[in-house]
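Ligands are counted one by one from 1 in listed order, and the atoms in each one are counted from 1 as well. Every value quoted in this text rests on a predicted model; they were computed, and no experiment measured them.
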Amino acid sequence: MTHRIIYLDHSATTPVSASVLAAMMPYFSEHFGNASGIYSQGRRAKQALEEARATVASVLHCHDDEIIFTSCGSESDNMVLRGVAWTAPQTGRRRHLIISVVEHKAVIVTARQLAQLFDFDLTILPVDGYGRVDPDALRQAIRPDTILISIMAANNEVGTLQPIAELSAIARDHGIPFHTDAVQTPGHLPIDVDAWGVDALALSGHKFYGPKGVGVAYVRRGLGLLPAQTGGGHEGKRRAGTENVAGIVGLATALQEADELRPQEVPRLQALRDRLLAALPDLIPNTRISGHPQQRLPHHASFLFADIEIQGVLMGLDMAGIAASSGSACTSAAQAPSAVLTAMGVDASAAAGHLRLSLGRSTTAADIDTVLDVLPPLVARLRLIST
Ligand code: PLP
């Protein structure tokens, strides 16, 4: 008998849903044409591409021509940061970027490279103990030469939501474009680029039951964006390269499905997740929740267990058939602690005991019971061994 895996790492990636896979299949071999071709196979591919664009635009509440398909969330972030920054010399002397310290590496590393190699000034905003950016800190950081503000909508490691509409309103008051990495939000938050007040936004198909290798950059009409990837005139001359039609059809189907399931999935997952948040700090001594207790993604639970390295816990969970993660690449005190946790004031030894449990469509109440049965004795055993 094969054992069912309890998969609790949906913030890392999700399985492709059955309907998404079915929608993609014809575009691998039957409708394989190049969307630039003028013959019928090409026109069929082009039609699928434009229908997918319209679907994505309707979920995000924007115009079709504001959607650019990319290869992943990282590329979308790169495209916006570099694309906006590189228009700067043409539009005057404005050369200052603002990001937050809890951004994904796709934003942080890109912004640092622009600062180091291309002479931009970079302000990295701090966060509070919950991982939230203070709107007043943003107000104070803005300069006359600020060209872009990039602050994520929801954090992958600790689940904390940023007050995006409030932050973007500050940017708008100063006439500065505002980008948000919204990779963690589809299916969990309603996305509306006008209500959010954003000029650019990044998504990634594999985070919401779509395929890997396809992403979206929303770029508001009128926002200057120098293409970072040049070549043919694809995607409105903003991203060269033959389109991944099957992947794009899959992403659009997945985004629509996630949006349609959201009203039922959010309360279901939130109730299951709240059981973890309520029970684990009681069942496991010296445990606290990381991230904001309420202003967090509804499927996301994360914890700091004192006096333990999470690697052993993750291996123990794996042996019990439970897939989880620390939420960052660093899972031991010997490695550099997570920059997100450090920015939230968590010291290195506490950060080494960080666990993320991210729930999804397959998660049941029985799965949560199993976690509550398995995790407390596992942590107790490992703490005993390590003393
Ligand atoms: N931004 C956030 C917040 C993420 O969680 C991730 C993936 O973990 C990315 C960007 C990068 O997305 P991709 O894996 O599609 O490059």
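By the 4.0 Å N-to-carboxylate-O rule, R112 lies too far from E103 to be salt-bridged with it. We find that D367 and R4 are joined by a salt bridge, their nearest charged nitrogen and carboxylate oxygen being less than 4.0 Å apart.
Between H31 and Y27, the ring planes are tilted. Angles from 30° to 60° get that label.
Ranking the protein heavy atoms by distance from atom 5 (O) of ligand 1 puts Q184 NE2, 2.8 Å first. For atom 4 (C) of ligand 1, the closest non-hydrogen atom on the protein side is H104 CD2, 3.3 Å. Of all protein heavy atoms, the one lying nearest to atom 11 (C) of ligand 1 is S74 OG, 3.4 Å. For atom 1 (N) of ligand 1, the closest heavy atom belonging to the protein is D181 OD2, 2.6 Å.
When K207, K105, E157, E103 are ranked by how near their heavy atoms come to atom 8 (O) of ligand 1, first place goes to K207.
Applying the salt bridge (charged side-chain N to carboxylate O under 4.0 Å, His left out) test to E243 and every residue at least two apart in sequence or in another chain returns nothing.
Heavy-atom contacts of S204 reach the following atoms of ligand 1: 13 (P), 15 (O) (cutoff under 4.0 Å). Listed by atom number, the atoms of ligand 1 under 4.0 Å from M152 heavy atoms are 3 (C).
Within the structure, the ring-ring contact (aromatic ring centres under 6.0 Å, His included) test picks out the following pairs touching residues 278-297 (sequence neighbours left out): Y130-H292.
When only interatomic distances are considered, the shortest N/O to N/O separation between G73 and ligand 1 falls below 3.5 Å.
With a 4.0 Å cut-off on non-hydrogen atoms, C72 touches ligand 1 through its backbone as well as its side chain.
Using a 4.0 Å heavy-atom cutoff, H206 is listed among the residues neighbouring ligand 1.
With L272 as reference, L359 is the one residue of T364, V371, L359 to meet the side chain to side chain contact (heavy atoms under 4.5 Å, CB included) rule.
A donor-acceptor pair under 3.5 Å is formed between the side chain of S338 and the backbone N or O of V340.
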